[in-house]
Structure formats: C-alpha cells, structure tokens
Amino acid sequence: MRRYTRLYWEFAKSHMKVMMEYRIDFLIGVASVMLEQFASIFFVKVVFDHIEQINGWSFYEILFIYGIAATGRSIHQIFFDNLWTLGWQYIRPGKLDRLLIRPVNPLFHVVADRLHQDGFGQLIIGLIILGTAIPQLDLVWGAAEIAMLVVMIISSGLIFVAINLFFATFSFWMIDSLPIVWAVFNLSDFARYPLTIYHKGIRMFLTWVIPYGFTAFYPAAYFIDKSGYKEFALWTPVAAVVCCVLAYTFWNRGLKAFASTGS
Amino acid sequence: MGKYWQIAKGRMQENTAYSAWYWAGTVSSVMRLLIIYFFWQAVYANQTTIQNINLETMLTYIVIAMLLQGFVGGVGNELAENIKEGQVAIELMRPYDMIFKMFAVDIGEKIMYLIQGTLPMVLIAYFFMDLSFPKSPETILLFIVSALVGIWIGTFFDFLVGVLAFWTVNVWGVRVLKESLITFFSGALVPITLFPDWLRTITEFLPFQAMVYLPVSIYSGLISGTEVYMALGVQLFWLISLYVLVRVIWSQAIKQITIFGG
C-alpha cells in the first residue's frame, strides 16, 4: 500500500510538471469545464424564473442534486480520467503489453498515468454549486450531516468510476470500447434531475441496471426529507462498493482474456 | 467542383466505417430526447403556458433546436487535428483551396449525419411526441433557408476556433469552451425569449443566436411576419462578416506556418 502511495505521488508530480509547462492550456481546460457546467445550470435557472417548482422540487433542491453529481464526478475526472483512453492509448498501440510485464498492478498504472487538469474545474464548480444550494435548503448541518455528505459524494464518485471501468473493460475484447463508454456515460445526464420526473422504467434502469441514480438523486434525497427516499438513500455507499467490486472483477477477467491471447 | 464532390463522397464512405460511434451517437440522442421530454412534461405539470409558449410549441422548439445544433459544429476539429499533427503544411501544397476542401469534407459529414442521425430522431419525435408543423409552406421554405444560413454561420465560427490550434495546444479545452458558448447563447437549450432582459440584450449582439434560435423560432412560429425577414437579414450580416473574418485570419495563420519554416 505504501509503495503504491509513493508511486502515485511520483507519477502525479511528473504529470503536474507537464501540466504547468502549458499553463494557458491548463487554464483553458479548467475554464471550459466550468463554463460547460454553468450553461446547464443556467438553463435550469432560466426555466425556474418562470415557474415555482418541478415535480415538487425547488430550484435550490435541484441545484443540490446537481452539485452532488458534479462534485462526485470530479473525483472520477481528476484521478481516473485515463480509463477513457484504455483502447486507443494502451491496447491499440500495444502499450498495455509493456505495462503487463512491470511489477505494478496494470489498472493502477493506467489510472496513475494521468491526472486530468480539467477535473479541477469540475471540482471547483461542484463546490460552488453545493455552497450556493446548501444555505437555501433549510437544513440543519451538524458534523454528522457533513460527514454523511462527504460519504455520499465519495460514493457518487466511485460509482462513476466503476461504471466507466466496467465498460472500458470491453476494450479487451473489441480493442476500443470508447463509443460504448461514451454512450453509457451520457446516461448520467438523467441524474441531473429528480428521478421522479421520469417514467418508471427509466427510474428502475437508473437504479438497478446502470445505477447513475446513486450518483446524485438518491444521495440528495437523503437530505431532503419530503422526497420519500431517505431510507433508500442509505444504500448509496453499499451500491458504490458493490459496483466497484463488480467492475474490478470484470476488469480482471478482461485482463486475463487479453493476456492469454498473447497479442 | 468535381474534385470537391469527390472529397465529400470520400468522407461519407469513411464515416460508415465507424458504425460503433454511429450507434453510440444515436443512442445518446434518443436519451437526450427522452430527458428533454420528461423534463418539460414536469415543468408544464402546473401551468399551461410559460411566456405565452405552450407545451407543444416548447417541445417543438427544443427538439428542432436540438436537431439543428447537431449541424452547427463543423470543420474546426479536423482543422485543429491537421494543425497539431503538422499535416497542414502538406495540405497547403495540394492543388486545392484548403478552406474549400475542409468545407467539402464537412458537407459530406453533414449529409451523412442528416441521414444517420437526424432522420431517426425525426421519426422518433414524430411518432412519440406531439410536435407541431409550420402553418404554411412559405414558413417551411423560410425555415430551410434560415437553417442553412445558420449552419454556415456555425461552420465559419467553428473554423475560426479550429485555427486557434496554431496558437494553443489544448484543442480539447477550446472545443468544450466553444460548445458551451454555443449551447449557452444560441438558444439551443431554451428559447432566448425566456432569458432575463440583460442577457437577451447581450445575445442580440452575438452571432450565436443566428445559428439556432432564429431558424427554430421561424419554424415553431415564435416569430412571424416582418420579424422573419429581419431575422434573415441579421443572419446574412453574420454570414458575410464571419466569412470575411475566416479569410483574414486564415491568411494570417498561413504566414505563421512559413515562419515555422514548414
């Protein structure tokens, strides 16, 4: 464990240096992600200028849902973004074969290869959104609630990671599963709004099949009492752990299949 | 003319090869359609109109805007890649005008997108959502003209962003920046009439509303009569201005290459 921590630090340090070489690009990356998020929040704001609530949810409540998703996703984007490139950066050019003979867990290696600067924009924006929404929510915040919020956000991030890892793993059989990863990732857009506005089938799908519901709506519902999902929301951390275990098991199977073809 | 058509056709064939991306794109668009549908249903659950727009008109606007937005991107990406990889130097030596070549590639791309991307969407929207159609054939014609102009404005703008790759390395960031600007100001997410006043004023001075908002407003009947022709005038103004800008900046950028010695 300690060895891996030190290794990650070394990887990150060298990556930071590269990032600082291109400072303007770093800033553009951060700014662009922030603007992207602002655009979608602004959309909701414009709509709420003309109405009171959507399906019983107020503007700040929806903002809160959104904030949890954005912050959770930043964990994924900063630390695990390299999973996106598994197909075209590792498998296709044969780089993965080289990783396999090193005395380091290959998944760790792929993940540690890159810290993604744009994720910091996501993190900042997520915190700003949460900071804006929370004071308006009429909730009492004690240490327990704050701890719970942190747990929920980390769980949200882990679910993003697990889903991406799971679908990136298909690259072992089809060289590059990026289109699938991308299409599935787009499903997370559903999670921006209360799941209760959707048809029951979609709600079920986002809870039990591809659990993006746990990246935003259920965690938020834990804090917003009238939602009726307070108890159910407690399953969020469990869902996160289960997803990670499933995804990692699948990854190992994929890796084995890949290694045994000897390609 | 013939050689540009060959280029466009070549791109169409290439595109069919990436069928995984095609399906991923279709699936994602259908999902976005679903989100939009349920979102606006929920919004209108407690009211019949917002700013005098009823649910049917709103959904029509949003869906058409979404479809049109798929076309306002363009060559920028390809151009930026070309610049980054240094291919641009070789391209420039070839016996065609590189700007026209890029636009030809883009037209090929867009024709494919029309068939593969837009048509399925239109069918789904037509059968599963209550969308309205323009009242008169004249409106349809004006919409088509306006949409084409809007697409070209978007393409020119995209080209300008692509040229930035001469000066910046992070093409991805610039692209996201551009996408958000367009989504934000073009009225692709929500009719600009719903914007707060101060923002609407800013929007009127920017080229983005000419890409999506104006054509779609013509289609959905948000604007009518002489307003339609004024809208077309505004579009024409941006079309010409941006094209001139494309030419000017491009010639500057090419000078940059010669300095590199490429």
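Labels below follow one simple rule: chain letters A, B, ... track the order of the sequence lines, proteins then strands, and each chain is numbered from 1. Computed from a predicted structure; not experimentally measured.
- A donor-acceptor pair is defined here as one N or O able to donate and one able to accept, closer than 3.5 Å; such a pair exists between the side chain of B:Thr201 and the backbone of B:Asp197.
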Worked check of ring-ring contact (aromatic ring centres under 6.0 Å, His included) between A:Phe217 and A:Trp57: CA-CA 12 Å; A:Phe217 175 68; A:Trp57 294 70; 5.5 Å; yes
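- In this pair, A:Tyr218 and A:Phe214 present their aromatic rings tilted. The plane angle is within the 30 to 60° band.
- Within residues 182-202 of chain A, the residues approaching chain B closer than 4.5 Å by heavy atoms are, in numerical order, A:Trp182, A:Ala183, A:Asn186, A:Leu187, A:Asp189, A:Phe190, A:Tyr193, A:Ile197, A:Tyr198, A:His199, A:Ile202.
- Both the backbone and the side chain of B:Phe39 come within less than 4.5 Å of a heavy atom of chain A.
- Judged by the 6.0 Å and 45° rule, B:Lys178 forms no cation-pi pair with B:Phe157.
- No other option in A:Glu36, A:Gln53, A:Met34 has as many heavy-atom pairs under 4.5 Å with chain B as A:Glu36.
- Note: B:Leu194 leads B:Leu194, B:Val190, B:Val27 in heavy-atom pairs under 4.5 Å with chain A.
- Proximity to chain B (any heavy atom under 4.5 Å) is shown, for A:Gln37, by neither the backbone nor the side chain.
- Counting only distance, with no hydrogens or angles, the side chain of A:Ser171 and the backbone of A:Ser177 share a donor-acceptor pair below 3.5 Å.
- Comparing A:Val46, A:Asp49, A:Ile180, A:Asn55 by how many heavy-atom pairs each has under 4.5 Å with chain B, the most go to A:Val46.
- Under a 3.5 Å cut-off, the side chain of B:Gln47 and the backbone N or O of B:Val43 do form a donor-acceptor pair.
- Using cut-offs of 30° and 60° for the angle between ring planes, the B:Tyr113 and B:Phe71 rings count as perpendicular.
- Only the side chain of B:Ile50 has a heavy atom closer than 4.5 Å to any heavy atom of chain A.
- With sequence neighbours excluded, the residues that form a side chain to side chain donor-acceptor pair (under 3.5 Å) with A:Thr85 are A:Asn82.
- Across B:Ala45, B:Ser28, B:Ala42, the residue that shares the most heavy-atom pairs under 4.5 angstrom with chain A is B:Ser28.
- Considering A:Phe172, A:Tyr90, A:Phe170 as possible partners of A:Phe258, the one that fulfils the ring-ring contact (aromatic ring centres under 6.0 Å, His included) test is A:Phe172.
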